[in-house]
There are 2 protein chains.
Amino acid sequence: MVTIRDVAAMSGASIKTVSRVLNNEPNVRPEMRERVLQAAHKLNYHPNMAARSLAGRQSYMIGLFYENPSPNYVVNIQTGALDRLRGEPYRLLMFPVENFKEFHGKMIAIIRSSGLAGVILTPPLSNDPEIMDELDQSGVPYVRVAGTEPRPGSPCVAIKDMIAAREMTRYLLGLGHRRIAFLRGNPVHPASNARFEGYCYALQSAGIPIDPDLVIAGDFRFASGLEAARKIFALNPRPTAVFSSNDDMAAGIVQAAHEHGIAVPRQLSVVGFDDSQLASIVWPRITTMRQPISAMAYTATDIILNLLENGWNTEEIRNVELDHALIIRDSAGPPFLANVAEKEDA
Amino acid sequence: MVTIRDVAAMSGASIKTVSRVLNNEPNVRPEMRERVLQAAHKLNYHPNMAARSLAGRQSYMIGLFYENPSPNYVVNIQTGALDRLRGEPYRLLMFPVENFKEFHGKMIAIIRSSGLAGVILTPPLSNDPEIMDELDQSGVPYVRVAGTEPRPGSPCVAIKDMIAAREMTRYLLGLGHRRIAFLRGNPVHPASNARFEGYCYALQSAGIPIDPDLVIAGDFRFASGLEAARKIFALNPRPTAVFSSNDDMAAGIVQAAHEHGIAVPRQLSVVGFDDSQLASIVWPRITTMRQPISAMAYTATDIILNLLENGWNTEEIRNVELDHALIIRDSAGPPFLANVAEKEDA
DNA sequence: CTGTTAGCGCTTTCAA
DNA sequence: TTGAAAGCGCTAACAG
């Protein structure tokens, strides 16, 4: 095992100087720096993270905590974080949390024993006050993705869920729909509520009362879209459009529509949220609201890094809101054909 | 920061004894053990991984290396590995590799600097001789997922790709298909070739010559399925079935079929491979060959852990082959209706 | 600009 | 069955 001492010996510098070079610290003659670098290269030297962490009382591990969201979501988050980490000495450690209720009280132990330098929290963990309390107590910087509750000392990266959902609802309204069903997400994810608010807001602004029969419970998963579809199809008169809180459930509705011989969008418009891979894979391709999940994770990671490296303090970092975008595809259209066609068919 | 010294002080033992208790080493009086455990608990003590790694000259990090497969694949692999790691002191570090050709020569550096205890390789990395050479050189145990080339000293977890593909082809044959197109995967993934072999084998056994026009290149991605569909639809006479090397591409073919008004499976049967989430989300749901990806990663991780903990040597571990399973859904059926209907339609 | 010294928190000798 | 001492490879503090 080649250590900093070997590099020092070969380059004729002290270990401290080698350390300076390796950490890009100032106060080293360029010539000396060069010599050290060459020795390190020749010896195929690589610093030992464990020793570095121990001596420097800091680690180079960022923990990504998540609880069972859709696979696409995790991958996108992970990709964004990893993209930001590329070229940095930091590494990404995955912490899947089975049940965040049972997770309470364990955060500090994990941080301590894994020596995490920073933490990224995804929903629903990003809105769990107990977990955040523990994090505050631990002192490691943490950034929340898609958190909604503002919290002093804890930056958060999100999109404007309410506004985005309102926009989507208005799009449907603009198409001429009046009976629009809404498929809610898992209520422990606050984004789910924000999206519902946006839906309500848009309807009310248009003078359309919220019909409770048109608001269906769901949990963000494909299967719950399938289930919801059954309820929606049984409604009389049937809504002409469904706004699903995410794409997975929207895909479920589309599949169920195929099975029931209901043409999308001719007889039923379906729109989703996220613009996940799914949305463009099912047929018809789903009109959806793009949420820049990877970019959110990238930004969250960037904030962590700045907190760590540049000594930003959390006070100066306000929440960051990224842009959403309406992606128009093939699953939504005007309603008028739908009802007519339906009655003729029957 | 509470250290082993604090626990020693409180329990009245030496730090060595505390260390013994914490590591479940023998030669500690039960009574003493109890006292130490209580002190540790009372102080909310958690061992520092960095110190442990440094002093013990070993680490508790398992690196998962992957290059750009489909999101579902990564998630499944990750889930399997994480499941096995639950309750163990080991952590999973993610190493996305952009381009495995450029990756050559970097493996040792990464292992050294991150202090990896073990490595899990997924395709196509699991079949790259240069990477495996570096790994051999580094001395850390590594297990390959879905590798095909046998390699002494390196265990591998896989399924019988060739056999599975042969089975699927025979299923199609059994349905009555004679013109069966095959959509290849990315050729750098050896599983891709094994599946093609299985297809050829089955056809030849049935006395059907391989028609090169029916073998289409693909790269495992949805978009390549879309492209391939165009070529397949242009064939005259059109094949009555398509066997796609994975579900992503099969989903592409299904989508294209919808766009071209080709009914699946009535006019064209489509089957995939993997049984990824996609297969049951698109409509019609895709008949596919289930590959237990999570289980493979679980097993790979299990092997690594045994190598590490129980001092297994790689000689005694042969390759492990897990079972595949044909999952019959709605995208494949008998061919006879197809051609008839087509001609009548025209 | 450079080097010396003293740890970081733990495990590993090896002696009691 | 237990403990004292000596590091693991690196960085921090301070002295040159």
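It should be emphasised that the depicted structure is a prediction, and the values quoted were computed from it without experimental measurement.
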Just compare [options] and give me whichever is closest to any side-chain atom of [X].
X	options	result
B:Asn23	D:dT2, D:dG9, C:dT11	C:dT11
A:Met32	C:dG3, C:dC10, D:dG9	C:dG3
A:Val28	C:dT2, C:dT12, D:dA12	C:dT2
B:Ser14	C:dG3, D:dA4, D:dT11	D:dA4
B:Leu54	D:dT11, C:dG9, C:dT11	C:dG9
B:Lys16	C:dT13, C:dT2, C:dG9	C:dT13
B:Arg5	D:dT2, C:dG9, D:dG3	C:dG9

Using a 4.0 Å heavy-atom cut-off, does B:Pro26 contact any base of the nucleic acid, only the sugar-phosphate backbone, or nothing at all? nothing
Under 4.0 Å, heavy atoms only, any strand: does A:Asn27 hit a base, just the sugar-phosphate, or nothing? base
Tell me the interatomic distance from [X], atom [atom1], to [N], atom [atom2], rounded to whole angstroms.
X	N	atom1	atom2	value
B:Met1	C:dC10	CE	C1'	12 Å
B:Leu22	C:dT12	CG	C1'	16 Å
B:Tyr45	C:dG9	OH	P	10 Å
A:Met49	C:dC8	CE	P	22 Å
B:Asn48	D:dT11	CG	P	16 Å
A:Gln58	D:dT11	CD	P	10 Å
A:Arg52	D:dC8	CZ	P	19 Å
B:Ile15	C:dT12	CD1	P	13 Å

Charged N to carboxylate O below 4.0 Å: is that the case for [X] and [Y]?
X	Y	value
B:Glu34	B:Arg29	no
A:Lys106	A:Glu134	no
A:Asp6	A:Lys42	no

Does A:Thr17 place a side-chain N or O at less than 4.0 Å from the phosphate oxygens OP1/OP2 of C:dT2? no
Would you indicate whether the side-chain heavy atoms of B:Glu130 and B:Met107 approach each other to under 4.5 Å? no
Do the side chain of A:Arg57 and the base of C:dG9 come within less than 3.5 angstrom through a donor-acceptor pair of N or O atoms? no
Look at the side chain of A:Arg20 against the base of C:dT2 and say whether a donor-acceptor pair falls under 3.5 Å; ignore hydrogens and angles. yes
So, A:Asn127 and A:His189: side-chain donor and acceptor under 3.5 Å apart, yes or no? no
By nearest-nucleotide position on DNA chain D, the 5'-leaning member of A:Gly56 and B:Ala55 is B:Ala55
Verdict with supporting geometry, B:Ile77 and B:Ser294, side-chain contact (heavy atoms from CB on, under 4.5 Å): CA-CA 5 Å; B:Ile77 289 282; B:Ser294 288; over 6 Å; no
